[in-house]
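The first residue in the sequence is number 1, and the count goes up from there.
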Amino acid sequence: MIISASQHILSIDENILAVCLMDSNFRILEAASKQAFDKKFKIPDKLKKGSGDYAALVFATARLSEETFGKVECIVVDYDMAKTMLLPIQGRGYVGIVVNPSTSTDYITLKVSATIEPNQDIENYV
């Protein structure tokens, strides 16, 4: 059985609830979620359709501080019921992830980064 790239990332850790792969222009290429995510969260269509725009806005906001703090490695937003993560993949694309609130985002970042082959565009990974 062949699984998609987003399904593969989803299977890396039980705490990963949803994954969205985006190209370097924040266009959604592929997304997947676990049943637990779908039961716990009701995502409005407006947010689903605009998630790439939201990711671009969050990333642009984080980049404002690069001069002071260095390159953006990962953006984490910690909500009551989940954490969202946006991982830039060296100018080749982005991985958006939703994890359980107690999850170590450093651990997830390492696991996901190790999964995506170096020098390969997200578009070619999908």
Handout entry: Stepwise side-chain hydrogen bond (donor to acceptor under 3.5 Å, both in side chains) check, D23 with N25
Key = CA-CA 5 Å; D23 68 10; N25 294 312; 4.7 Å; no
[X] versus [Y]: any side-chain heavy-atom pair under 4.5 Å?
| X | Y | result |
| --- | --- | --- |
| Y94 | I89 | no |
| I97 | T84 | no |
| I43 | F37 | yes |
| L10 | K34 | yes |
| F41 | L17 | yes |
| L29 | M22 | no |
| K83 | T105 | yes |
| Y54 | F26 | no |

Problem - Heavy atoms from other residues, nucleotides or ligands near CD of E14 exceed 12 (cutoff 6.0 Å) - result: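 No, because the 6.0 Å sphere around CD of E14 holds 12 heavy atoms or fewer from other groups.
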Practice task
Check whether more than 12 heavy atoms from other residues, nucleotides or ligands sit under 6.0 Å from atom CD of E66, and answer yes or no.
Solution key: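 Result for CD/E66: enclosed.
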Problem - Step-by-step side chain to side chain contact (heavy atoms under 4.5 Å, CB included) determination, I28 to C20 - result: CA-CA 7 Å; I28 305 298; C20 179; 3.2 Å; yes
Exercise for the section: Would you check, one step at a time, whether the test side chain to side chain contact (heavy atoms under 4.5 Å, CB included) holds for K111 with D13? Expected result: CA-CA 8 Å; K111 295 282 281 190; D13 188 274; 5.5 Å; no
